Protein chains: 2
Amino acid sequence: MSDFATLSSVTHSSSTLSAELTNTLRDAIITGEIAQGTKLSETKMAKEFDVSRGPLREALRRLEGMNLIMHIPQQGARVVTLSRELILQLYDTREALESKAVALAAVNMTSQEIDELHREIDAQSKQMRENSGAFVPAESDYRFHEMVVRGSKNKVIERALIHEIYNLIKMFRYQNEFANTSSTNSLIEHRQIVYAIEQRDPILAEVTMKRHIVHARERIERRMSAN
Amino acid sequence: MSDFATLSSVTHSSSTLSAELTNTLRDAIITGEIAQGTKLSETKMAKEFDVSRGPLREALRRLEGMNLIMHIPQQGARVVTLSRELILQLYDTREALESKAVALAAVNMTSQEIDELHREIDAQSKQMRENSGAFVPAESDYRFHEMVVRGSKNKVIERALIHEIYNLIKMFRYQNEFANTSSTNSLIEHRQIVYAIEQRDPILAEVTMKRHIVHARERIERRMSAN
DNA sequence: GAATCCATAAATGTTGACATTTTTCTCAAA
DNA sequence: TTTGAGAAAAATGTCAACATTTATGGATTC
């Protein structure tokens with residue numbers, strides 16, 4: 001555990017202390033600064049972050065809602081452990097939600113939003129030409145997928161993915177280099193997805209997205225030994 | 001609002017006060033005892049339930065994670081309002097998640113679990129023959145769908161549905177008689193779903209479940225005027 | 001009569017202390 | 001050495017009071 005109060009200084013100020021703590025702890029968990037499986041002692045953390053236990057406990061309840069920690073009454077909270085099983089289940093869930101999201105996006109996105117998608121994958125293309133390494137940068141990949149999800153205009157799907165799935169996937173990718181967004185294939189698939197949206201073809205969009213995520217899942221399953 | 005502490009006496013005791021409060025408030029919101037859009041005043045509720053604001057606030061953070069309330073910093077929490085838009089988005093989300101769940105269930109369910117599914121729909125069949133009213137009882141319908149979801153063995157999908165989707169759908173159905181599980185068609189569709197699982201045919205199971213939920217969605221969309 | 005400002009009231013955010021449960025450590029006995 | 005009981009320590013659960021922000025209401029002005 002050591003001293004994970006270090007990140008707190010960098011955190012942008014939110015409206016309430018509890019909300020700030022939530023963001024700080026979320027980031028510390030995603031990056032692994034607080035390791036998987038760590039017991040989150042309220043008393044120790046309250047001292048480290050120099051806050052009282054009230055707001056801290058509220059932040060823990062929120063992180064529980066994000067699937068980032070598990071809480072057992074009378075025993076406390078632990079950071080989630082990313083087992084091979086959980087990762088694959090996350091990708092199955094993502095496949096279901098995000099393929100539906102892109103089908104809706106094909107109907108509901110504005111042409112302006114589609115333009116933004118183009119700009120994002122053009123940037124990806126440029127970065128991959130410049131850097132010899134054939135990887136879509138993680139941040140850009142997240143932006144792309146979040147733009148699609150927001151384009152669905154479905155707040156329930158949006159919240160489920162962004163609030164409860166993506167954080168865990170980010171955590172996994174941040175802490176496992178081999179999980180990174182991979183080859184030029186991803187960029188090609190991104191182009192296919194945008195094409196389907198542009199054609200206002202929800203079925204094509206859904207199939208294309210499904211394949212994109214299944215590919216990612218397969219890549220991960222292959223590279224992951226037992227865990 | 002009036003006196004929504006009445007239900008608290010019926011609540012089964014959980015391990016912590018905060019967890020009890022969460023369940024009590026969840027039920028009160030689902031039944032409409034606390035009406036949609038109601039401002040949830042911490043001070044008033046603390047008095048009514050005779051608890052301090054600490055555990056109450058933690059319960060509110062959890063209900064927020066269940067999509068049952070919305071919280072605005074420095075302003076407080078309100079019970080969610082079930083707009084026509086939100087209901088349809090819930091059903092779209094459910095369609096995506098539950099059709100994936102049943103596909104997984106077709107692969108992962110034990111034959112013992114499938115037997116339980118049979119018992120449940122047999123009970124539904126019996127109840128519909130006895131009561132002239134051609135409705136699948138809501139509680140039995142929930143049990144059926146939850147058994148399927150658990151059968152997927154995917155904890156992420158299970159939590160998303162049970163924790164964040166079903167509560168809102170229960171709330172909608174409880175507060176709108178017209179939203180009830182409808183005709184004999186539902187029972188037939190349940191039988192088709194069990195058949196597909198029994199055949200270990202994930203694709204058939206997925207298509208069948210998707211149709212089942214789309215039908216429910218269409219029924220609701222028809223019966224709902226603007227909102 | 002409507003709008004604005006200020007004082008008051010009330011609500012949310014935060015804190016530190018108390019209560020109860022769980023964990024840890026010590027010491028004795030098998 | 002290992003096991004078990006019991007006391008001590010530490011952790012989680014809960015409460016009541018304080019701080020700060022937001023909402024309310026009446027008086028004043030236009």
Side-chain angles (χ1 to χ4, degrees), chain A residues 1-5 8-9 11-26 28-29 34-35 37-66 68-80, chain B residues 1-5 8-9 11-26 28-29 34-35 37-66 68-80:
Chain A
M1 176 178 331
S2 71
D3 186 27
F4 47 70
S8 66
S9 53
T11 305
H12 38 48
S13 63
S14 268
S15 53
T16 72
L17 189 51
S18 168
E20 269 189 63
L21 274 171
T22 307
N23 291 336
T24 304
L25 288 173
R26 179 200 58 200
I29 290 172
I34 308 180
T38 303
K39 169 84 187 294
L40 295 167
S41 161
E42 292 176 10
T43 47
K44 285 181 190 168
M45 295 173 81
K47 275 179 199 158
E48 289 215 46
F49 291 104
D50 194 38
V51 296
S52 66
R53 280 173 54 225
L56 181 61
R57 283 172 66 93
E58 288 186 37
L60 292 179
R61 293 299 95 78
R62 275 194 265 243
L63 293 169
E64 206 183 344
M66 298 184 202
L68 288 175
I69 70 175
M70 283 195 50
H71 178 258
I72 300 176
Q74 244 79 17
Q75 289 203 358
R78 274 185 190 282
V79 176
V80 69
Chain B
M1 175 182 332
S2 70
D3 187 27
F4 46 71
S8 66
S9 53
T11 305
H12 39 45
S13 63
S14 267
S15 53
T16 72
L17 189 52
S18 168
E20 269 190 62
L21 275 172
T22 306
N23 291 336
T24 304
L25 289 173
R26 179 200 59 200
I29 290 172
I34 308 180
T38 303
K39 169 84 187 293
L40 296 167
S41 161
E42 291 176 11
T43 48
K44 285 180 187 168
M45 294 173 80
K47 277 180 197 159
E48 290 214 45
F49 291 104
D50 195 38
V51 296
S52 67
R53 281 172 54 225
L56 182 60
R57 283 171 66 92
E58 288 186 37
L60 292 178
R61 294 298 94 77
R62 274 193 265 243
L63 294 169
E64 206 183 344
M66 299 184 201
L68 288 176
I69 69 175
M70 283 195 49
H71 178 258
I72 301 176
Q74 244 79 17
Q75 288 203 356
R78 277 185 188 282
V79 175
V80 68

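These numbers come from a predicted model, not from an experiment. Lettering of chains follows the sequences in order, A, B, ..., and the numbering in each one begins at 1.
Residue B/S52 places none of its side-chain N or O atoms closer than 4.0 Å to OP1 or OP2 of D/dA16. Contact annotation: A/Q75 reaches the phosphate of C/dT23 (side-chain N/O to OP1 or OP2, under 4.0 Å). Remark: B/T16 is not in phosphate contact with D/dG13, judged by side-chain N or O atoms under 4.0 Å from OP1 or OP2.
Spacing between atom NZ of A/K44 and atom C1' of C/dT23 amounts to 12 Å, rounded to whole angstrom units. For B/L17 and C/dT21, the CG to C1' distance is 15 Å, given to the nearest whole Å. The separation between B/L56 atom CG and C/dA11 atom C1' is 13 Å, rounded to whole Å. In this structure, CD of A/E58 is placed 9 Å from C1' of C/dT14, rounded to the nearest angstrom. Between B/D50 atom CG and D/dT14 atom C1' the separation is 12 Å, expressed in whole Å. Regarding B/I72, its CD1 atom lies at a distance of 11 Å from the P atom of C/dG13, rounded to whole Å. Between the CG atom of A/L60 and the P atom of D/dA11 there is a distance of 14 Å, rounded to whole Å. The distance between atom CE of B/M70 and atom P of C/dT12, rounded to the nearest whole Å, is 16 Å.
A/G54 comes within 4.0 angstrom of a nucleotide base, judged by non-hydrogen atoms across all strands.
Of all nucleotides listed (D/dT12, D/dT22, C/dA11), D/dT12 comes nearest to the side chain of A/K39. Closest contact between the side chain of B/S41 and the listed nucleotides C/dT22, C/dG13, C/dA11 involves C/dA11. The listed nucleotides are C/dG16, D/dG13, C/dG13; the one nearest the side chain of A/E42 is D/dG13. Taking only side-chain atoms of A/R57, from C-beta outward, the nucleotide of C/dT14, D/dT12, D/dT21 with the closest atom is D/dT12.
The base of C/dG13 sits within donor-acceptor range of the side chain of B/R53, with an N or O pair under 3.5 Å.
A distance of 9.5 Å separates CD1 of A/I34 from OG1 of A/T24, quoted to the nearest 0.5 Å. Expressed to the nearest 0.5 Å, how far CG of A/L17 lies from CG of A/D50 amounts to 9.5 Å. With values rounded to the nearest 0.5 angstrom, B/L40 atom CG is found 6.0 Å from B/I29 atom CD1.
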Problem set entry | Test salt bridge (Lys or Arg N to Asp or Glu O under 4.0 Å) applied to A/R61 and A/E58, step by step | CA-CA 5 Å; A/R61 293 299 95 78; A/E58 288 186 37; over 6 Å; no
For this session: For side chain to side chain contact (heavy atoms under 4.5 Å, CB included), just list the numbers for B/L63 and B/T22, CA-CA rounded to whole Å, side-chain angles, deciding distance to a tenth of an Å, and then say yes or no.
Result: CA-CA 7 Å; B/L63 294 169; B/T22 306; 4.1 Å; yes
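Take the nearest nucleotide of DNA chain C for A/P73 and for B/H71: the residue whose nucleotide is more 5' is B/H71.
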